[in-house]
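Naming convention: chains lettered A, B, ... in sequence-line order (proteins, then strands); numbering from 1 in each chain.
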There are 2 protein chains.
Amino acid sequence: MKITYKGDYALKAILDLALHYGSMVTIHELADRIDAPIKFLEQVLLDLNRGGFAQSKRGKVGGYQLAKQPSQIKLGEVIRYIDGPIEPIACTEREYTQCRDIYRCIFRSVWQRVGVAISEVVDTLTFADLVKMQKKPKQSLHYEI
Amino acid sequence: MKITYKGDYALKAILDLALHYGSMVTIHELADRIDAPIKFLEQVLLDLNRGGFAQSKRGKVGGYQLAKQPSQIKLGEVIRYIDGPIEPIACTEREYTQCRDIYRCIFRSVWQRVGVAISEVVDTLTFADLVKMQKKPKQSLHYEI
DNA sequence: TACAATCTCTATGGATATAGTAGAGTATAT
DNA sequence: ATATACTCTACTATATCCATAGAGATTGTA
């Protein structure tokens, strides 16, 4: 998994739309709040429309809004849609099942475990959770190893 | 995190050296068993030397061997050394702490959670574990979601 | 000593992805 | 009408990845 800037902007855009759920947000406001180049952000939003995450309206009072409730959008969905599979690939590319080398199965099981571990984070968090976290910063995600 | 081919080859090379712990392995044998271009693999092995994972010997009976015991090498160490940080970066690059946008803290905590989740897989597995798995394929990593 | 096998090191190149820019077009409220 | 907003396609610069090439250094052995 690698989160590109495109993915990063996409996630922040959706969080912003979630925080303003119910009203229209223009791309100017969005670009300003998430600090993204506006022309690049246009493409991201276009993708989010096509992915069924956002809805747009043109014209004078146009803008973007979420196409679903924040609680219905998982982080993982957006990440996968924008930046591709969550697993640390490199091997699936070459049709891993056809690999000549003899250690393929071992590492496949490792990457699968990693994939599950990542999924347990990004597929259990919705944007409704992030909204809560944003509003109550004390309830942020804490961790002790 | 993204595992490149370089990282993939590195991991498989070390596993091979672990399976042949105690004897020298030439780069030809290695390239053959892990199905990697030999000249590319040379660079990888060079890096593994510099990283303290492998030791080389030149000349007629030369080759490579592990610089530590298989149980002393975690997957995570190798991954980080070859392919960089485990977290799904994209944000650390721009000095995330200095980010202008207002959602930085939220996503930072998410990426940290992801990093911890990945770490719990790759930093608890050593190459001794992989050797065991290779020899007893039934004890492979199983998972039900 | 000569030489063959091995690792070492630096440079270079092609392909692809990433991040961003540009500009013309379409829809809509006033 | 027109200003404002979204839509769509094309383009470019840069970096990274995945090698490939070739000359050099070390070591065992005939």
Side-chain angles (χ1 to χ4, degrees), chain A residues 1-13 17 23-32 34-51 53-67 79 82-85 88-94 101, chain B residues 1-13 17 23-32 34-51 53-67 79 82-85 88-94 101:
Chain A
M1 174 170 70
K2 189 189 163 200
I3 306 294
T4 65
Y5 272 99
K6 187 173 181 181
D8 190 50
Y9 294 149
L11 292 169
K12 287 175 182 165
L17 295 182
S23 58
M24 282 287 188
V25 176
T26 70
I27 204 159
H28 288 274
E29 299 168 317
L30 219 39
D32 202 54
I34 74 179
D35 191 23
I38 196 164
K39 292 299 284 181
F40 190 37
L41 193 55
E42 276 183 4
Q43 299 178 45
V44 176
L45 269 290
L46 230 44
D47 269 2
L48 291 177
N49 279 350
R50 291 174 182 141
F53 300 106
Q55 282 177 337
S56 58
K57 195 189 174 194
R58 294 183 181 182
K60 197 108 182 183
V61 294
Y64 296 91
Q65 63 186 1
L66 287 188
I79 293 170
I82 299 291
D83 281 333
I89 40 169
C91 317
T92 47
E93 292 161 10
R94 256 194 200 172
D101 73 84
Chain B
M1 173 169 69
K2 188 191 162 196
I3 307 295
T4 65
Y5 272 100
K6 187 172 182 182
D8 191 51
Y9 293 150
L11 292 169
K12 287 174 181 164
L17 295 181
S23 58
M24 281 289 188
V25 176
T26 71
I27 203 155
H28 288 274
E29 300 169 316
L30 220 38
D32 203 54
I34 75 179
D35 191 22
I38 195 163
K39 293 299 283 181
F40 190 37
L41 194 55
E42 278 182 1
Q43 299 176 46
V44 176
L45 268 291
L46 230 43
D47 269 1
L48 291 177
N49 280 351
R50 290 174 184 141
F53 300 105
Q55 281 177 338
S56 59
K57 194 188 174 193
R58 293 182 180 181
K60 198 109 183 177
V61 294
Y64 295 91
Q65 62 186 1
L66 285 189
I79 293 170
I82 299 292
D83 280 335
I89 39 169
C91 318
T92 48
E93 292 162 10
R94 258 195 199 171
D101 74 85

Length of the line joining [X]:[atom1] and [N]:[atom2], which is rounded to integer Å:
X       : N      : atom1 : atom2 : value
A:Met24 : D:dA5  : CE    : P     : 13 Å
B:Asp35 : D:dC18 : CG    : C1'   : 14 Å
A:Leu41 : D:dC8  : CG    : P     : 16 Å
B:Leu45 : D:dA19 : CG    : P     : 15 Å
A:Asp8  : C:dT18 : CG    : C1'   : 14 Å
A:Gln65 : D:dC6  : CD    : P     : 12 Å
A:Ile38 : C:dA22 : CD1   : P     : 13 Å
A:Ile82 : C:dT18 : CD1   : P     : 12 Å

Ignoring backbone atoms, test whether [X] places a side-chain nitrogen or oxygen under 4.0 Å from the OP1 or OP2 oxygen of [N].
X       : N      : answer
A:Ser56 : D:dA5  : no
B:Asn49 : C:dT8  : yes
A:Tyr9  : C:dG20 : yes

Show the distances under 3.5 angstrom between N or O atoms of the protein and N or O atoms of nucleotides 14-17 of chain D.
none

The side chain of [X] is closest to which nucleotide in this list: [options]?
X       : options              : answer
A:Lys39 : C:dT8, C:dC9, C:dA22 : C:dA22
A:Pro37 : C:dT8, D:dC6, C:dT21 : C:dT21
A:Leu46 : D:dC8, C:dT6, C:dT8  : D:dC8
A:Glu42 : C:dC7, D:dC6, D:dC8  : D:dC8

Enter the distance from [X]:[atom1] to [Y]:[atom2] here, rounded to the nearest 0.5 Å.
X       : Y       : atom1 : atom2 : value
A:Tyr5  : A:Asp83 : OH    : CG    : 12.5 Å
A:Leu41 : A:His28 : CG    : NE2   : 10.5 Å
B:Asp32 : B:Ile27 : CG    : CD1   : 12.5 Å
B:Arg50 : B:Leu46 : CZ    : CG    : 4.0 Å
B:Lys2  : A:Ile3  : NZ    : CD1   : 13.5 Å
A:Leu30 : A:Leu17 : CG    : CG    : 5.5 Å

Contacts under 3.5 angstrom, residues 55-66 of chain B side chains, donor-acceptor by atom type, not counting sequence neighbours:
residue	atom	partner	partner atom	Å
B:Gln55	OE1	B:Gln65	NE2	3.4
B:Ser56	OG	B:Asn49	ND2	3.2

Any N/O pairs under 3.5 Å between the protein and nucleotides 28-30 of chain D? List them or say none.
residue	atom	partner	partner atom	Å
D:dG28	OP1	B:Lys57	NZ	3.2

Considering the terminal five base pairs at each end of the helix from C:dT1-D:dA30 to C:dT30-D:dA1, what angle separates the two local helix axes, rounded to 10°? 0°
What about A:Gln43: does its side chain form a donor-acceptor pair under 3.5 Å with the base of C:dT21? yes
A:Ile27 near the nucleic acid: base, sugar-phosphate alone, or nothing, with a heavy-atom cut-off under 4.0 Å? sugar-phosphate
Heavy atoms of A:Ala13 and A:Leu48 approach each other most closely as CB-CD1, 4.4 Å
